[in-house]
S.K.: 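So that we are looking at the same thing, I have put the structure below in C-alpha cells.
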Protein chains: 2
Amino acid sequence: MNHNEQLKLENQLCFSVYACSREITKMYRPYLDQLGLTYPQYLVLLVLWEHHETTVKALGAELYLDSGTLTPLLKRMEEAGLVKRERSKEDERKVMVHLTTKGEELREEASIIPDAMAANSGLSKEEFKKALTGFQQLLDHIHSVNEK
Amino acid sequence: MNHNEQLKLENQLCFSVYACSREITKMYRPYLDQLGLTYPQYLVLLVLWEHHETTVKALGAELYLDSGTLTPLLKRMEEAGLVKRERSKEDERKVMVHLTTKGEELREEASIIPDAMAANSGLSKEEFKKALTGFQQLLDHIHSVNEK
DNA sequence: GATATTTAAGTTGTGCACAATTTAATTTTA
DNA sequence: TAAAATTAAATTGTGCACAACTTAAATATC
C-alpha cells in the first residue's frame, strides 16, 4: 500500500475501532437510559458487581481510567445513590468505593443487557468469542507499548 | 454462559473495543502532538486530504459525528490555520470546509504515521487487514441497527 | 404563491477523557 | 529518624461526544 492509500480514512484501523466503539455505546444507550446510567458508569458497576468493594486506583487499573476521570464520575454515582466513597482507615491516601443497596439491586435489571447486545451485534457466539479474544490481545499489546 | 459470567467485565466485547479505541488514540498522541493535532482533527484532515473540499454534513457522515461536535472542532482548526469554512453560495444552509495551504502541507509530515502505527500495533499485514475488514463490517451492522 | 415540512449548521448543557498540577499520606533511604 | 521519593486522589483546564433545541434556508404540498 502506498502513502496515498495509507492515508485514506477507509484504510485506518484506528478509525474503524473508534467509530465502532461509539456506535456500540449508542446501542447500549436506550437500555442504560432506563437504568439512569451512562456507559462508563455501567462499566464501574460491572466491576463493583464482581468485587463489591475496590479503590479508585484499582478501578482505574481495570478500566484504563485515571482519577481525573473517575473522581467526578464516582461523585455523580454517589449523588445518585449507587455507590459510597470513603477514605481507607488503614491507608488514608486510598478511597474505598463500594455499592449501596440500590447499586446492588440494579444488577438484576441489568442482567438482560448482555444477551440483548449480543443479539444486536449480529455476531454468532463463535464470532463474538473470537472478536473478544482478538481485541483483548490487541488491547494488551498496545497498552504495553504505551507504557514504555 | 450464565448471567453471572455475562456481567463480568472481562467478557464484554463493548469494553475491549472501548478500551482499545482509547489506547490506540494514546498511541497516536506523540505523533499528533508534533503536528499540533488532536485525534479527531487528524481524522478530519484524512478526509480533506482525500476530498480537498466537503461540507460539515458530509464530513459528519464519514466520521459519524454531528454538527454539535464538528462545528467547534472546525472552528479550532480554522483558528489554527488548517482549514477555511465558508457558507455555500448555491445553498446557504451549507458550510463548505476546505484545506488551507498549511493544512495541505501537513499531509507530508503525517505520511509516516500509518507505517509507524501499524508497526506499533504488533499485527502482521494479514492480521491488520483481517481486523480492519471485521471492524468495518461490525461498524456497518451496528450503525444500521442504530438507525432504526 | 403562501404555508408546511425538511434540511444544515449552530448553540447550550452535561458528561466523559486526559494532561498537568496539587495535596496529603506513606515508604524509602541516607 | 529526618529528608527525599513515591503513591493515591483530587483539582484545573481543554477538547471532544452527543442530546436537545434554535435559527435560517430550501423544498414540498396545498
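A note on names: the letters A, B, ... follow the listed sequences, proteins ahead of strands, and every chain is numbered from 1.
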S.K.: Among residues 61-72 of chain A, which residues get a heavy atom nearer than 4.0 Å to DNA chain D?
M.R.: Ser67(A), Gly68(A), Thr71(A)
S.K.: Using the test side chain to side chain donor-acceptor pair (under 3.5 Å), find all partners of Glu78(B) that sit at least two apart in sequence or belong to another chain.
M.R.: Arg85(B)
S.K.: Which whole-number value in Å describes the distance from Asp91(A) CG to dT26(C) P?
M.R.: 5 Å
S.K.: By side-chain contact (heavy atoms from CB on, under 4.5 Å), which residues pair with His98(A), not counting sequence neighbours?
M.R.: Glu53(A), Lys84(A), Glu86(A)
S.K.: Rounded to the nearest 0.5 Å, what's the gap from CG on Leu63(B) to CG on Leu9(A)? Could you check?
M.R.: 6.0 Å
S.K.: Arg93(A) has an atom CZ; how far is it from atom P of dA25(C), in whole Å?
M.R.: 11 Å
S.K.: Which residues within residues 17-29 of chain A lie with some heavy atom under 4.0 Å of an atom in DNA chain D?
M.R.: Tyr18(A), Arg22(A), Lys26(A), Arg29(A)
S.K.: What are the bounds, 5' to 3', of the part of DNA chain D that sits under 4.0 Å from heavy atoms of chain B?
M.R.: dG15(D) to dA26(D)
S.K.: With sequence neighbours left out, which residue pairs that include part of residues 2-16 of chain B fulfil the salt bridge (charged side-chain N to carboxylate O under 4.0 Å, His left out) condition?
M.R.: Glu5(B)-Lys8(B)
S.K.: Hey, could you give me each pair passing salt bridge (charged side-chain N to carboxylate O under 4.0 Å, His left out) that has a residue in residues 56-67 of chain B? Not counting sequence neighbours.
M.R.: none
S.K.: Considering all heavy atoms of both residues, which atom of Gly81(B) and which atom of Thr100(B) are nearest to each other, and what is their separation?
M.R.: O-OG1, 2.6 Å
S.K.: Between Lys89(B) and Ala58(A), name the one whose nearest nucleotide on DNA chain D is closer to the 5' end.
M.R.: Ala58(A)
S.K.: OP1 or OP2 of dA8(C) versus the side-chain N and O atoms of Lys94(B): is any pair under 4.0 Å?
M.R.: no
S.K.: Rounded to whole Å, please give me the gap between CG in Leu73(B) and P in dA9(C).
M.R.: 15 Å
S.K.: Rounded to the nearest 0.5 Å, how far apart are CG of Leu99(B) and CG of Leu45(B)?
M.R.: 6.5 Å
S.K.: Return the CG to CG distance between Leu48(A) and Leu106(A), rounded to the nearest 0.5 Å.
M.R.: 11.5 Å
S.K.: Which parts of residues 79-87 of chain B get close to DNA chain C, meaning a heavy atom less than 4.0 angstrom away?
M.R.: Arg85(B), Arg87(B)
S.K.: Could you measure the distance from the OG1 atom of Thr25(B) to the CG atom of Asn146(A)? Nearest 0.5 Å is fine.
M.R.: 9.5 Å
S.K.: For Arg87(A), enumerate each residue passing the side chain to side chain donor-acceptor pair (under 3.5 Å) test, keeping only those at least two apart in sequence or located in another chain.
M.R.: none
S.K.: Sequence neighbours left out, what pairs pass side-chain hydrogen bond (donor to acceptor under 3.5 Å, both in side chains) with at least one residue falling in residues 26-46 of chain A?
M.R.: Glu23(A)-Lys26(A)
S.K.: Once rounded to the nearest 0.5 Å, what's the spacing between atom CG of Leu37(A) and atom CG of Leu82(A)?
M.R.: 6.0 Å
S.K.: Could you give the distance from CG (Leu74(A)) to CD (Glu79(A)), rounded to the nearest 0.5 Å?
M.R.: 12.5 Å
S.K.: Considering only heavy atoms, which members of residues 31-53 of chain A lie under 4.0 Å from some atom of DNA chain D?
M.R.: none
S.K.: Please list all pairs passing the side-chain hydrogen bond (donor to acceptor under 3.5 Å, both in side chains) test where one or both residues lie in residues 107-120 of chain A, with sequence neighbours left out.
M.R.: Arg107(A)-Asn4(B), Asp115(A)-Gln6(B)
S.K.: Can you get from Met96(A) to Leu59(A) by hopping between Ile, Leu, Val, Met, Phe, Trp and Tyr side chains that sit under 4.5 Å apart?
M.R.: no
